[in-house]
Protein chains: 2
Amino acid sequence: MFSILNMRLVEPDDATTRARIRDAAILLFGRDGFRETTVRAIAQEVGVSAALVIHHFGTKDGLRLACDEFIMGEVTAQAAGIGNGGQGTTAAIQSWLGEMDKRRPWLAYISRLLTDGSSTSSTKDDSSNNSSSDTSVGDRLFDDFVSYTERMFADGVADGSVHESVDPHMRAVILTSYGLSVLIFERQIGRAIGEAGLTSAAAARMTIPALEIFTHGVYTNDAMLRAAKDAIATKGSTP
Amino acid sequence: MFSILNMRLVEPDDATTRARIRDAAILLFGRDGFRETTVRAIAQEVGVSAALVIHHFGTKDGLRLACDEFIMGEVTAQAAGIGNGGQGTTAAIQSWLGEMDKRRPWLAYISRLLTDGSSTSSTKDDSSNNSSSDTSVGDRLFDDFVSYTERMFADGVADGSVHESVDPHMRAVILTSYGLSVLIFERQIGRAIGEAGLTSAAAARMTIPALEIFTHGVYTNDAMLRAAKDAIATKGSTP
DNA sequence: CAGGATGCTAAACACTTGTTCAGCCCTCCG
DNA sequence: CGGAGGGCTGAACAAGTGTTTAGCATCCTG
């Protein structure tokens with residue numbers, strides 16, 4: 001019907017009103033949370049009416065779904081750019097850090113995505129149950145990060161740059177959790193060192209201590225590790 | 001009608017209606033979030049009217065404040081029990097893990113406390129601005145954890161069980177963030193290993209890989225660390 | 001026992017918020 | 001040119017929610 005013209009007149013690529021609404025939604029959902037963000041606030045941010053937001057996305061939840069989809073696409077695209085290894089990796093990371101400001105709203109949104117999951121397994125009136133099986137978008141994102149991390153460190157073990165682990169999968173889960181924590185606690189970490197959030201200065205100051213931990217550990221001996229191993233071993237008899 | 005008996009049968013000390021409302025609020029706030037929890041839902045959970053909830057706490061936000069205060073008190077009490085070091089520490093941790101189920105709602109609430117902070121520096125109509133200065137409860141909690149961690153590891157450095165760091169404060173912030181991440185990602189971690197949240201089995205399986213990291217690190221050499229140090233050093237001339 | 005204080009409730013109120021409806025404007029096809 | 005269709009809006013609607021109010025019952029105090 002209308003696709004031919006629109007296709008030709010479509011703005012540089014991203015400035016269509018629908019996209020602007022989605023971007024504003026990502027910004028506000030990420031900053032204030034889904035529930036506390038009103039459709040009218042999003043509309044005002046874009047400079048349109050609240051009805052138009054609904055007109056484009058059906059419902060507020062539909063808008064959330066569109067945001068989720070967009071963010072997931074961007075994340076996997078970035079991961080693909082970084083993850084193919086080789087020389088491209090460093091460049092990809094640098095360009096990513098360079099355009100940090102543009103993507104800052106996405107980080108807040110991702111943070112919300114990862115933490116918002118409610119433990120509701122009850123049957124809710126989710127008419128459009130089109131998401132894959134029962135795991136939420138945040139769950140899928142976390143799992144993706146885990147498998148990505150696990151692959152990275154398996155390669156590291158293979159080429160000798162990374163220690164082996166008695167439980168590589170669990171280590172990957174833990175390291176993923178650690179890595180994402182700086183996203184979740186962005187504001188807290190920034191506050192703790194007198195910066196406003198994850199500025200480049202904050203990231204720089206974090207780098208060395210973090211690498212210290214991952215290079216030498218924090219404990220000078222394996223007393224804790226041995227004690228834990230003993231405790232686990234002896235616990236097998238007394239469940 | 002039936003109150004006479006109830007009055008006489010009133011439970012030991014903690015079962016006052018006000019406390020039961022507060023406990024239910026902690027449970028629901030932690031499970032579903034503050035905004036998505038309605039006053040009526042809390043009332044129904046306790047078996048009282050919605051008006052009574054308001055009667056006891058003034059407003060919903062007053063109830064939140066009471067919950068915050070209670071949780072902060074419990075946390076600092078636990079920290080005091082653990083933190084005085086010596087032999088009591090292990091016992092305290094063990095008893096804490098033993099009564100995990102009773103305090104599980106608190107963990108969810110604390111998780112929300114740490115992640116809910118919104119970056120609203122605008123002037124809101126906060127009539128009862130009685131909180132200390134401008135930092136939120138979650139901020140204060142995080143800071144407490146940081147200083148606790150920093151003290152712990154300073155002691156470790158002093159007695160030689162912990163490596164020195166070029167930036168002890170930052171290391172404490174990072175380690176606090178890492179430690180709290182298992183709280184935030186409780187559900188995700190549980191899911192990743194087929195458990196339902198932070199069960200004791202999950203905690204047990206996490207222990208060894210985590211201690212591996214903190215004992216030996218993950219990298220077999222300091223290539224990354226040296227590279228980062230060089231990068232930081234040379235970056236000083238090109239800001 | 002009178003009377004106030006207290007714990008508590010049902011109903012109503014005020015307001016927010018997601019969503020719908022009817023219609024305007026503008027572009028483009030026949 | 002006419003009409004059709006899509007982008008878009010203002011106003012209204014319906015449901016949900018925090019809070020208020022008036023009132024009931026019970027208990028404690030003088």
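Every chain is numbered from 1, with letters handed out A, B, ... down the list of sequences.
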**Item:** 5' priority, DNA chain D, between A:His56 and B:Phe34 [closest heavy atom]
**Value:** A:His56
**Message:** If I compare all heavy atoms of B:Pro105 with all of B:Ile26, which pair ends up nearest, and what's the gap?
**Reply:** O-CG2, 4.2 Å
**Heavy-atom check, side chain of B:Glu36 versus side chain of B:Leu28, under 4.5 Å** = no
**Gap between atoms CZ and C1', on A:Arg18 and D:dC8 respectively (whole Å)** = 15 Å
**Item:** Short side-chain to backbone donor-acceptor contact, B:His169 and A:Ala192, under 3.5 Å
**Value:** yes
**Message:** I want to verify a distance call: between C:dG18, D:dT19, C:dT17, whose nearest atom is closest to the A:Val39 side chain?
**Reply:** C:dG18
**Fill in**
B:Tyr178 meets the side chain to side chain donor-acceptor pair (under 3.5 Å) criterion, sequence neighbours left out, with none
**Request:** Say whether, by atom type as modelled, one donor and one acceptor occur between the side chain of A:Thr76 and the main chain of A:Met72 under 3.5 angstrom.
**Result:** yes
**Message:** Just the rounded figure in Å: distance from P of C:dT20 to CZ of A:Phe57.
**Reply:** 16 Å
**Fill in**
Whole-Å distance, B:Gln44 CD to D:dT17 P, equals 12 Å
**Qualifying ring pair (Phe, Tyr, Trp, His ring centres under 6.0 Å) pairs, either residue in residues 181-203 of chain A, two or more places apart** = A:Phe185-B:Phe142
**Request:** Return no unless some side-chain N or O of A:Thr38 is found under 4.0 Å from OP1 or OP2 of C:dT16.
**Result:** no
**Asked** What residues form a ring-ring contact (aromatic ring centres under 6.0 Å, His included) with B:Phe145, not counting sequence neighbours?
**Response** none
**Asked** How many Å lie between CD1 on A:Ile54 and C1' on C:dC21, as a whole number?
**Response** 14 Å
**Asked** Under 4.0 Å between a side-chain N or O of A:Thr17 and OP1 or OP2 of D:dG7?
**Response** no
**Asked** How many Å lie between CD1 on A:Ile21 and C1' on D:dG7, as a whole number?
**Response** 10 Å
**Prompt:** Starting at NZ of B:Lys60 and ending at P of D:dT19, how long is that distance when rounded to a whole Å?
**Reply:** 8 Å
Taking only distance into account, with no hydrogens and no angle test, what donor-acceptor pairs under 3.5 Å do side-chain atoms of residues 38-48 of chain B form with protein atoms, sequence neighbours excluded?
from    : atom 1 : to      : atom 2 : distance (Å)
B:Thr38 : OG1    : B:Arg40 : N      : 2.9
B:Thr38 : OG1    : B:Ala41 : N      : 3.1

**Complete:** Rounded to whole Å, the CZ-C1' distance (B:Arg35 to C:dG18) equals 13 Å
Which pairs, protein N/O on one side and nucleotides 9-15 of chain D N/O on the other, fall under 3.5 Å?
from  : atom 1 : to      : atom 2 : distance (Å)
D:dT9 : OP2    : A:Ser49 : N      : 2.8
D:dT9 : OP2    : A:Ser49 : OG     : 3.0

**Request:** Check B:Arg104, B:Arg112, B:Arg191 against B:Glu186 for a salt bridge (charged side-chain N to carboxylate O under 4.0 Å, His left out) and give me the one that passes.
**Result:** B:Arg104
**Prompt:** To the nearest 10 degrees, how far apart in direction are the end axes of the helix from C:dC1-D:dG30 to C:dG30-D:dC1, each fit to five base pairs?
**Reply:** 10°
